[in-house]
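The next block holds one structure in the form of structure tokens; read it before the comments.
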Amino acid sequence: MGIKKKTIKDIEVKGKYILVRVDFNVPMEEGRVAEDMRLRAALPTIEYLIDLGAAVILCSHLGRPRGKYVPELSLHPVASHLEGLIGLGVGFAEDCIGPVAEKAAELLEPGRVLLLENTRFHPGEKKNDEEMARQLASLAEIFVNDAFGSAHRAHASTVGVAQHLPAVSGFLLEKEIEYLGRVVTNPEKPFVAILGGAKISDKINVIRNLLSRTDSLLIGGGMANTFLKAQGYSVAESLVEDEVIGTAQELIDEGGRRLSLPVDVVIADRFDAAAQSRVISKGSVPDGWRIMDVGPRTIDEFGKVIETASTVVWNGPMGVFEFAAFAVGTNEIARAVAESGAVSVVGGGDSAAAIKRSGLAEEITHISTGGRASLDMLAGVELPGVAALQDI
Ligand code: ADP
Ligand code: MG
């Protein structure tokens with residue numbers, strides 16, 4: 001059972017005024033877009049609507065302006081960058097609601113695009129303020145949510161506005177809920193989950209939910225340290241969460257043979273790209289050392305499991321991939337996933353970045369654009385931004 005929501009293909013959009021919530025929360029450097037993956041991810045929806053002669057009014061948040069105008073968090077530079085991507089002028093309104101926005105929307109011609117200023121410049125956005133939602137809705141005839149990265153939040157521009165207009169999903173949101181929904185609800189077996197990253201505490205519900213559904217759960221990254229400590233090994237200076245050792249123990253018991261931990265690890269004498277490092281078998285880490293990556297035997301063992309998979313879901317790097325010396329585990333697991341031929345879904349902000357660095361992004365079936373939103377999906381939690389859309 002997947003999540004079935006109406007999309008822009010299910011309703012008449014031709015020539016209509018359409019408010020599209022996009023996730024243009026992109027990294028900025030010196031007033032320019034530093035990385036545009038999220039802009040590119042929204043193009044299929046924008047281009048489809050333009051082609052059908054809709055008047056496309058885009059809105060998004062950027063950063064954390066805390067309900068007031070912050071010049072560095074203006075979306076204005078994003079409008080210029082978007083122009084380059086779609087090869088068409090993009091209008092910009094210096095407010096997302098009120099007279100400025102209303103005027104700009106009114107003047108917008110069919111087949112043209114307008115970007116509204118940062119929704120979080122208004123305190124009503126994060127409060128899901130009724131009046132702000134109504135004002136946003138007044139700009140258009142249809143609401144399209146394509147902001148998967150914000151779908152876990154009930155804000156005025158994601159949930160409130162959907163109460164006032166026919167609300168459907170764009171292509172990005174559709175693809176995200178299709179792939180992430182399918183892996184958790186209806187995966188082709190064998191289903192292998194790979195979890196890593198920094199902490200268990202962020203992801204307990206993800207581990208629990210996946211543990212109940214997967215054939216194998218492979219655990220690496222910093223998160224593995226707490227499991228190793230729960231098994232009685234000293235992890236010395238490693239990143240560890242003492243407060244969830246009990247939970248880790250429960251998960252080990254619950255998982256039984258389905259849960260695999262590293263059998264060897266790469267340790268370093270300090271947290272540094274140029275640290276001294278060596279490989280040790282599973283066991284206690286010497287005083288003063290810390291675990292930075294999974295070891296070669298673990299890569300091998302995890303690789304053998306991944307090879308058999310029909311579906312793979314992956315969240316969390318296997319090591320401190322930001323340092324080349326400790327990116328080997330992550331890169332080799334990425335290779336194993338790529339070579340497995342399985343339907344593969346990667347979620348999580350750092351995981352997506354790590355896959356891109358590995359050069360294997362093209363080999364992955366779906367790399368989610370969402371951080372917390374993709375983790376919530378993997379935990380089986382309903383996203384309010386998705387729930388607010390019309391059912392099929
Ligand atoms: P995601 O954003 O994909 O959900 P996380 O934010 O949970 O992933 O984790 C990513 C971070 O985990 C990276 O910054 C990486 O350096 C860190 N990490 C992975 N393994 C270790 C480790 N052994 N020790 C410390 N940090 C680690
Ligand atoms: Mg992260």
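All ligand and atom numbering here is 1-based and tracks the order in the structure.
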| field | Element-labelled atoms of ligand 1 that are located less than 4.0 Å from some non-hydrogen atom of Ile291 | value | 22 (C), 23 (N), 24 (N)

| Between Lys229 and Asp242, is there a salt bridge with N-O shorter than 4.0 Å? | yes

| field | Ion pair Glu109/Arg112, N-O distance below 4.0 Å | value | no

| message | Once rounded to the nearest 0.5 Å, what's the spacing between atom CG of Leu136 and atom NE2 of His122? | response | 8.5 Å

| Hey, is Lys4 close enough to Asp391 for a salt bridge, meaning N to O under 4.0 Å? | no

| task | Run the salt-bridge test on Lys203 and Glu241 with the 4.0 Å N-O cut-off and return the result as yes or no. | result | no

| query | Starting from atom 1 (P) of ligand 1, which protein heavy atom do you reach first, and at what distance in Å? | reply | Asp350 N, 3.7 Å

| query | To the nearest 0.1 Å, how far is atom 12 (O) of ligand 1 from its closest protein heavy atom, and which atom is that? | reply | Ala198 N, 3.2 Å

| said: Applying a heavy-atom cut-off of 4.0 Å, say which part of Asn315 lies close to ligand 1: side chain, backbone, both or neither. | reply: side chain

| message | I'd like to know if Arg182 pairs up with Glu178 as an ion pair, taking the criterion as any Lys NZ or Arg NE/NH1/NH2 lying under 4.0 Å from an Asp or Glu carboxylate oxygen. | response | yes

| task | Specify side chain, backbone, both or neither for Leu239, according to which of its non-hydrogen atoms lie closer than 4.0 Å to ligand 1. | result | side chain

| request: Please examine the side chains of Val113 and Ile86, heavy atoms only from C-beta on, and report whether any two atoms are closer than 4.5 Å. | output: yes

| Is Thr7 reaching over with its side chain to a backbone N or O of Lys9, donor-acceptor style, under 3.5 angstrom? | yes

| said: Regarding Glu35 and Lys356, does a basic nitrogen lie under 4.0 Å from an acidic carboxylate oxygen? | reply: no

| query | What is the number of protein N/O/S atoms located under 2.8 Å from the Mg ion (ligand 2)? | reply | 1

| For atom 3 (O) of ligand 1, what is the nearest protein heavy atom, given as residue, atom name and distance? | Ser351 OG, 2.4 Å

| request: Select one of side chain, backbone, both or neither to describe which atoms of Glu322 lie under 4.0 Å from any atom of ligand 1, heavy atoms only. | output: side chain

| task | Check if Gly371 has a non-hydrogen atom at a distance under 4.0 Å from any atom of ligand 1. | result | no

| remark: Within the 4.0 Å heavy-atom cut-off, what Lys203 brings close to ligand 1 is side chain

| Within 45° cone of Trp289 ring axis and under 6.0 Å: Arg270 NZ or CZ | no

| field | Ligand-residue contact atoms, ligand 1 with Gly221, heavy atoms, under 4.0 Å | value | 20 (N), 23 (N)

| message | One thing to verify: whether Arg335 and Glu332 come together as a salt bridge, which I'm taking to mean a side-chain N less than 4.0 angstrom from a carboxylate O. | response | yes

| field | ligand 1 N/O within reach of Gly222 N/O, cut-off under 3.5 Å | value | yes

| task | Measure centre to centre between the rings of Phe321 and Phe326, then say whether the value is under 6.0 Å. | result | no

| task | Provide, to 0.1 Å, the distance between atom 18 (N) of ligand 1 and the closest protein heavy atom, together with that atom's residue and name. | result | Gly319 O, 3.9 Å

| task | Name the option, out of Leu378, Val320, Thr330, that contains the heavy atom nearest to atom 27 (C) of ligand 1. | result | Val320

